[in-house]
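One structure is given below, encoded as structure tokens.
Owing to the predicted nature of the structure, the values given are computational and were not obtained by experimental measurement. Computed over heavy atoms, backbone and side chain alike; hydrogens, waters and symmetry mates excluded.
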Amino acid sequence: MSLMEKLQTNVLTADGAMGTILYSYGIDYCYEELNIEKPEIVEKIHQDYIAAGADIIQTNTYSANAIKLARYGLESRVTEFNKAAIQIAKRAATPGGQYVLGTIGGLRGIRKSDASIDEVNQVVLEQANALLTGDPDGLLLETYYDFEELSAVVSTLRQITDVPLIAQVSMHDPGVLQNGLSLNDALHQLESLGASVVGVNCRLGPYHTIQAFENVTLPKNAFLSAYPNASLLDVEDGRIVYESEAEYFGRAAVLLRDQGVRLIGGCCGTTPKHIAAAKTRLAGLSPITKKLVEPAKPIIIQEAGPIKYEPLHEKAKRERTVIVELDTPRHLETEDYIKGANLLYDAGVDAVTMADNSLASPRISNMAMGSIIKMKHNIRPLVHLTCRDHNLIGLQSHLMGLDALGIHDILAVTGDPTKVGDFPGATSVYDVSSMELLQLIKQLNEGISFSGKPLRKKANFSVSAAFNPNVRVLDRAVQRLEKKIEAGADYFITQPVYTKEKIIDVYEATKHLETPIFIGIMPLTNIRNAEFLHHEVPGIKLSDEVLERMRACGDDRAKATETGIQIAKELIDTAAQYFKGLYLITPFLRYDMTLELYQHIKQIDEQKERELTHAETSY
């Protein structure tokens, strides 16, 4: 009797975790390599689950794909590991007894950049073809947080095989995927794509897994599965542990069956004891064929509140828009900073932007300073947000705080690595890159948290992204810029540019885009400053002419300042012809220099307005 025929009339018990047991053995290298190096260990675990009563076992191939094996330099052994794994599982299964599933694990988490869909399909096909040579009873697709990925995998595999596909999503919060899709809708969509069994695994323990199924209706042509963790994880003495007792897991298996689940196994933290308890509790129980699901109460997501300012990207499409970077102090004295911010804003700049610990050096929190200048001085802040210093929890919390403060202008950046800063021993987080951060911020604008949970209200962020034109091949930089637009960038802020030719090159390379670009201009203060920027700061290059002009100033501070300002004005003259957005970067809190440059921009625009008026009058 085939697996699908058996599920027509039975609730089946699957095995539990493989990695948990290998971890308990102290094995700290590639688990899939054991299929070749120590197959007896893998086979013994299969046998233990069979002895516990498992009707179904899965191969030790969760990470046996080229992308994950590349971490160990084993990407060339995909076929070898998968073929060995299916043979081991087949040996362990009793003749006419247990079903064997070939396991294929998900690749993406929050970061879509971990693998493109094309890369996903490529590695999945390689792994699946190897597993299918062993004639499995089905393929188990497990731990897929990214629904786009799982949908693509199901569609791809259904084109090459008719074996049952068990497609399982993973959730951060019960009942909802990280893209905001409800579990019920996700499972029915997977059914429509050709999945034979649809369900969930990992991340959540029994309690939340049961809760997630309460709003899931029975599929018409597929069956439901659940492989919950033993419990929420804990850490003791540096080791991951799970607290759930086997008997509790067994009782939970019955409640999962009551929700319509027909295939019940275990994920992280589960052992043969958990599976034995589930098997005992499920003995004699038939699957349910009808289920009454009360319609979920609609969650009303309020529209974002009104914003005080016109979004910068909207204004920059229409007319001159100038933002000024004034980085917060490295010390606790703030009087001079606030004075400079007031002078610049009173002069007419559109926003004061603050980096998020640029060059990985600590400064006063830009969130705190942004709040101060907004609340106390009515200055519009534009805060940078780096992926370096915040994990996903911190990023979302930070953004929710900014929304609560009414700060809606954000620059999403990946961030300089910590080793370049004042604390090289500090760690960089980088849960996501700026590309994913853009997408997540736009998800908040839909009222959906990073985990997919409704936030009850939409945020209203206008999001900029960084653009470094100071590269050898500008076309590649523009291609990355286009990807950021797809991810949600509303406008771009460039690194400082120091040649007129580069400004024109940027215009020619980006004139096909409607997304505004703010060209970065930063005045030089002396030759030491110029050489530091040129030789040591990533993404900034000065021309030989600029370096020579600054070098000619020698130690004359006044002359160096005058020359630095003059060079910046010349660059502004060119940039103003091609771009409505200008981004003035203040060096060393020298807001007097920035103020002079802003006045120069005003003079350019006033002169242009006079010329237009004169032309119209003459006509």
Side-chain angles (χ1 to χ4, degrees), residues 1-22 25 31-64 79-105 127-142 157 161-168 196-197 199 201 223 225-227 246 253 261-267 270-280 282-283 287:
M1 184 181 296
S2 71
L3 172 61
M4 296 307 294
E5 290 172 333
K6 191 77 169 178
L7 285 169
Q8 290 280 356
T9 55
N10 293 269
V11 178
L12 299 183
T13 306
D15 57 4
M18 173 72 70
T20 294
I21 297 176
L22 294 174
Y25 292 168
Y31 291 162
E32 287 71 23
E33 190 176 11
L34 294 172
N35 297 332
I36 300 297
E37 301 300 327
K38 296 183 178 180
E40 67 279 3
I41 293 178
V42 177
E43 187 169 351
K44 176 63 166 58
I45 294 173
H46 287 321
Q47 291 170 344
D48 288 345
Y49 277 119
I50 291 170
D55 302 304
I56 298 169
I57 59 174
Q58 61 176 295
T59 57
N60 178 37
T61 53
Y62 172 76
S63 295
T79 299
E80 181 185 6
F81 288 171
N82 281 278
K83 285 185 174 181
I86 194 77
Q87 292 170 2
I88 294 167
K90 289 275 190 174
R91 283 200 306 268
T94 56
Q98 293 72 40
Y99 299 98
V100 174
L101 301 178
T103 299
I104 298 175
Q127 185 179 2
N129 283 326
L131 289 168
L132 290 169
T133 61
D135 193 26
D137 297 294
L139 295 177
L140 174 61
L141 314 174
E142 65 172 12
L157 292 179
T161 181
D162 293 326
V163 303
L165 299 179
I166 297 88
Q168 297 188 149
S196 315
V197 180
N201 79 289
F223 301 117
S225 65
Y227 286 51
V261 180
R262 298 194 184 201
L263 174 56
I264 301 172
C267 203
T270 56
T271 67
K273 291 182 179 180
H274 294 83
I275 300 309
K279 182 71 172 181
T280 299
L282 292 169

Review point. What is the minimum heavy-atom distance between Asn82 and Ala130, and which atoms define it?
Key: CB-CB, 3.7 Å
Point to revise | Neighbour count >12 (heavy atoms, 6.0 Å) for atom NZ, Lys90 | key: yes
Check your understanding: Is any side-chain heavy atom of His46 less than 4.5 Å from a side-chain heavy atom of Gln98?
Key -> no
Check your understanding: Does the side chain of Pro164 reach to within under 4.5 Å of the side chain of Val197, using non-hydrogen atoms?
Key -> no
Revision key, fill the gap. Heavy atoms of Thr20 and Ala17 approach each other most closely as OG1-CB, 3.4 Å
Point to revise | Distance, nearest 0.5 Å, that separates OG of Ser196 from CG of Asp162 | key: 9.5 Å
Check your understanding: Rounded to the nearest 0.5 Å, how far apart are CG of Leu141 and CG of Asn201?
Key -> 10.0 Å
Review point. Closest heavy-atom contact between Val261 and Leu263?
Key: CG1-O, 3.4 Å
Exercise for review: Please tell me if the side chains of Leu22 and Ile45 come closer than 4.5 Å, counting only heavy atoms from C-beta onward.
Suggested key: yes
Review point. Rounded to the nearest 0.5 Å, what separation is found between the CE atom of Met4 and the OH atom of Tyr99?
Key: 11.0 Å
Point to revise | Distance in Å, Lys273 NZ paired with Ile275 CD1, rounded so as to fall on 0.5 Å steps | key: 13.5 Å
Practice item. Looking only at non-hydrogen atoms, find the nearest pair between Pro272 and Ile21 and report the distance. Key: CD-CD1, 3.8 Å
Exercise for review: Quick one: pull up CG in Leu157 and CG in Leu139 and give me the separation to the nearest 0.5 Å.
Suggested key: 6.0 Å
Revision key, fill the gap. Sorted by chain and residue number, the salt bridge (charged side-chain N to carboxylate O under 4.0 Å, His left out) partners of Lys38 (sequence neighbours excluded) come out as none
Point to revise | Exam field: side chain Asp55 to backbone Thr13, donor-acceptor pair closer than 3.5 Å | key: yes
Revision key, fill the gap. Minimal heavy-atom distance between Gln168 and Tyr227, with the atoms involved, is OE1-CD1, 3.1 Å
Review point. Is a side-chain donor or acceptor of Gln127 paired with a backbone partner of Thr103 at a separation under 3.5 angstrom?
Key: yes
Exercise for review: For Ile86 and Pro136, work out which heavy atoms get closest and say how close.
Suggested key: CD1-CB, 3.7 Å
Point to revise | Beyond-backbone contact of Leu140 with Ile56, side-chain heavy atoms, under 4.5 angstrom | key: no
Practice item. Give a yes or no on whether the backbone of Gln58 and the side-chain of Asp15 come within a donor-acceptor separation of less than 3.5 Å. Key: yes
Review point. Between the main-chain N or O of Asn60 and the side-chain N or O of Asn35, is there a donor-acceptor pair closer than 3.5 Å?
Key: yes
Check your understanding: Got a second to check how far His274's NE2 is from Cys267's SG, nearest 0.5 Å?
Key -> 12.0 Å
